[in-house]
Amino acid sequence: MAIALPRVFRTTPFRLTLLFLSVFAASASIFLGYIYVATAGEVTSRADEAITQEIQSLTGVYRQGGVKALNRSMVERATGDRPFLYLLRDQTGQRITGTLEASPVEGFTGTQKSVNFKVTDTDSDGAEVRHSARGQQVRLAGGEILFVASDVSGAESFVLKILRAIWGAGALVILLGLAGGVLISRNVNETMAGLNRVVIAVRGGDIAARAKLRGANDEFDELASGLNDMLDRLERSMGGLRHVGDAIAHDLRSPLSRLRSRLELALIEAETGKGDAQAALGQALEDADGVLSTFNAVLAITRLQSAVEAPDQVRFDPGDLAKGVAELYEPLCEDKAIEFKLEATPALIVRGNREFIAQALANILDNAVKYTPEGGAVRLRVRRRASGEVEFSVTDTGPGVPELDRPRVVQRFVRLEHSRSQPGAGLGLSLVAAVAEAHGGRLELDEGPGALNGSGPGLRVALVLPRPS
Amino acid sequence: MRILIVEDDVEAAGAMARGLSEAGIETVHAADGVLGLAAAQAGGFHVLVIDRMMPNMDGLTLVETLRREGDQTPVLFLSALGEIDDRVAGLKAGGDDYLVKPYAFAELSARVEALARRRETGSVQTMIKVGDLEMDLIGRVVHRHGKEIDLQPREFQLLEYLMRHAGQSVTRTMLLEKVWEYHFDPQTNVIDVHISRLRAKIDKGFDHPMLQTVRGAGYRLEV
């Protein structure tokens, strides 16, 4: 059976904290264990050294003055701050003298060998205290056995203190680590819950839901703003779809119903033998062509928008391309007494689909010529920006597009009030925008040269293509 | 003129045959790629009109097979709502022209006629003559009735195309494709403006106009 842990303990950060803590605890144990062993070893080896020196010194006294001198020296030494404990026994093991009553070592088990034992003492209050001691014994030249020990309880308690400190520090580290893990988990948990709420809301149909940025500029903010961007795009394209649906209903239903009634009328009139059936059919054909070309344009835009990038891209001179398209429109300008000028920086290079870019440029020029009144001016310019991007810009002296409407005219089927009288389905700039996007570029709309003599302020449309790599 | 229609949509093929017979073109129909290939191999057609997507054998394979066998009969591909890469693939496979469905019969018959005619003028020409209009392709000069006509380079190309297809209807789309090499549909009829400009140069001041407008189709240069 799974145990239902609180949510915060099931989060990835908490699990990572646990994993990190166990790795940390294991390595800390090894490290601290080494310190313990080294410290304890140092304490005993120092005690052993001191005992060895004491034995050497006493052996020296014995060599010069025999048991008597040794006994005296031991008594003298023992009355000091009693750093050492002594026991001198004869060949048979009978105690001769010393501060120890009996040997902690049974018999004689060797020379210079260290043993640990307990010694009972009375403290200042008269209570019995057992101390740890460590001693060595040696057989003297005359057969006597000398045992010298040192009280190591002080050193032992030092080691114990270190051990306690190690345990305490370890526990503290683990406790702090766990607390930190819980804190981080809770924090991450809250952020993720925020993002999750957005996903759930969007899944539930609320496309307008957005994640809150915490302002920390971290990866969570990055994720949140990425999610928001994605939702923005989705919302826009959904809005676009809905708009296209409405627009198709509007823009295609009316010509289709016109077509239908024309055909019906032609049929009735043909049956009754009156009316101009031929003219009606001609009109019907024109209506059908209009519907088809709208469909084609929508299809072209949709395909471009769904393509990752425009197909068949080549490197070419944008000035040449502009010259070709300009030449197509020049006579049209002349007929409308529009002054047309092409300014192209020579020998530029862009990468793209020539056909799409030519069509985009033709659409921009078409609009410019359509909306520029007689006697106006249209200028087509091709140049490289300081950023390395290449722009095709068309400036006209027509009525322009109010700033507020500019983002809207790029949408499919959007036609401003004054343009409804002009032919077109409102797809020209949408196609330009789709072409720009399919090349990693963009479409920019700005005000033209300004109002003059009742005309203007004009429009400046720029198709900006990225610097070729 | 006799053409082969390879099209799996029988109704569309029937309409096409009717439309083309109006233009005086005799048609034979094959209902899929394999039948189409057999009919084409039997020969005797001026132009092959071939649908791209068909059961048994698609149009591209059919034309590739024909071209491998050395058959150079002009081919017009038909396809539903084409993209540029579709057209390029069709031309690469050995197609000579490409038309997107739905199309106007005027467009189809003009293109079929243009393809059939192209066959007949295989040799390298240095001079084209239509009535009293003369074009020197080497010297790049045009005379009508002995009088030199000053043309811009594009007007020269436009007139050259019209003269090469003299007596045939030529659509606006064909002119845009063959003279300007653009394959899109400009919103405004820019071609009309270019034509009227050319017309002013070659017809103005002469007793009869040569550059005719064909209602519902395009233009025709007539003697």
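Just so it is clear, the structure is predicted and the values come from calculations on it, not from any experiment. Each chain gets a letter, A, B and so on, in the order its sequence line appears, and its residues count up from 1.
In plain terms, the two heavy atoms of P186(B) and D366(A) that are nearest each other are C-OD2, 4.4 Å.
Near-neighbour residues of residues 372-382 of chain A relative to chain B, defined by a heavy atom under 4.5 Å from a heavy atom of that chain, are none.
The distance from atom CD of E355(A) to atom CZ of R87(B), rounded to the nearest 0.5 Å, is 5.5 Å. Expressed to the nearest 0.5 Å, how far CG of D289(A) lies from CG of D185(B) amounts to 9.5 Å. One finds the CD atom of E334(A) at 4.5 Å from the CZ atom of R197(B) (value rounded to the nearest 0.5 Å).
Ranked by heavy-atom pairs under 4.5 Å with chain B, the first of A288(A), G282(A), G324(A), A362(A) is G324(A). Contact tally against chain B (heavy-atom pairs below 4.5 Å) for E327(A), R354(A), E330(A): the top residue is E327(A).
Applying the ring-ring contact (aromatic ring centres under 6.0 Å, His included) rule to F184(B) yields the partners Y182(B); only residues at least two apart in sequence or on another chain are considered. Considering only residues two or more places apart in sequence or on other chains, K178(B) meets the side chain to side chain donor-acceptor pair (under 3.5 Å) condition with D97(B).
Neither the backbone nor the side chain of L431(A) comes within contact range of chain B, judged by heavy atoms closer than 4.5 Å. Contacts of V325(A) with chain B are made by both backbone and side-chain atoms, with heavy-atom separations under 4.5 Å.
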Exercise answer: donor-acceptor pairs, residues 3-14 of chain B side-chain atoms, under 3.5 Å, sequence neighbours excluded:
| from | atom 1 | to | atom 2 | distance (Å) |
| --- | --- | --- | --- | --- |
| E7(B) | OE1 | K101(B) | NZ | 3.0 |
| E7(B) | OE2 | D9(B) | N | 3.0 |
| D9(B) | OD1 | E11(B) | N | 3.2 |
| D9(B) | OD1 | A12(B) | N | 3.1 |

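Judged by distance alone, with hydrogens and angles left aside, the side-chain atoms of H194(B) form a donor-acceptor pair with the main-chain N or O of L328(A) at under 3.5 Å.
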